[in-house]
Amino acid sequence: MNLIDSHAHIDDERFDEDREQVIERARQNGLSKIINIGHDLESSRRSVQLAEKYRFIYAAVGVHPHDAKDVPGDYLEQLKEMSRQDKVLSIGEIGLDYYYDLSPREVQKKVFIEQLNLAKELNLPVVIHLRDAYGDFLDIMRVEGLEPITGVMHCYSGSWEVAKECLNMGFYISFAGPVTFKNAQKVREVAARVPLERLLVETDCPYLTPVPHRGKRNEPAYVKYVAEQLAALKGITLEELSQSVCRNAEKLFGI
Ligand code: NI
């Protein structure tokens, strides 16, 4: 089997004790690629370092809405500098989070728009984190003339209506552990409707651990549980699902 974890945070301190083993288990479980995602400048730098060290790890660099309030004045230059590395595939994760509101909304919007423009300038796809902010996201993409940008809606949990708009803009839709949760019928209904050629899978590890390991630390090897769930929803084999998501990731990220 050949699988990809399109969204991992294995630079997280929760992997400090056994990062090598976690990466080895990912390999043994058939992962051909892992994209490690930054959420602030430090984790973006660590993602680039992991990509330099391991052939099958790639990186995304960006500032998460939670961290938007802490950016230094030159953060865009720093991200731009990091993106010169060949294995930086994307600007992310970036977006809006009105559920936790850990940064003021005006600051979230400003930092999001600035990074979308950076992605446009660098011709890179984006990894979008969005929670309770779908209306503002769609407005920003239209009003700012950012629709040529493409990317992935990470750990999607919104409605089918919004998913359709994202698909129309050319976005891919990625699902994580919650699609395996007992109470996530709505997420499964949306996932079942996303066309196979626009689906991605991810862990978002160390968070969002899928069933049957729910409650423990997540890791890239567990992406197979997400893939199995999606294959079941689509009525295809795990092998077919895996081939599709690998092809989709290669197309979107140019790898
Ligand atoms: Ni994440």
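Both counts, for ligands and for their atoms, begin at 1 and track the order of listing. When reading the values below, keep in mind they use all heavy atoms of this one structure, side chains included, and skip hydrogens, waters and symmetry mates. Remember, it's a predicted structure, so these values are computed and weren't measured experimentally.
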Closest to the Ni ion (ligand 1), which N/O/S atom of [X] is it?
{"X": "Glu93", "value": "OE2"}
{"X": "Asp204", "value": "OD1"}
{"X": "His9", "value": "NE2"}

Next on the checklist: Ring centres under 6.0 Å, that's the criterion: do Tyr225 and His213 meet it?
Outcome noted: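 Between Tyr225 and His213, the centre distance is under 6.0 Å.
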
Next on the checklist: Just so I know, are the side chains of Phe15 and Asp12 near enough to count as touching, which here means a heavy-atom distance under 4.5 Å?
Outcome noted: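 In short, these two side chains touch, coming nearer than 4.5 Å.
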
Next on the checklist: With rounding to the nearest 0.5 angstrom, report the CD1 to CD distance, Ile10 to Glu219.
Outcome noted: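 The distance works out to 10.0 Å.
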
Checklist entry - Could you give the distance from CD1 (Ile34) to NE2 (His7), rounded to the nearest 0.5 Å? => result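 Here the rounded value is 13.0 Å.
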
Checklist entry - Has His129 got an N, O or S atom lying less than 2.8 Å from the Ni ion (ligand 1)? => result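 Checking His129: none of its N, O or S atoms is under 2.8 Å.
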
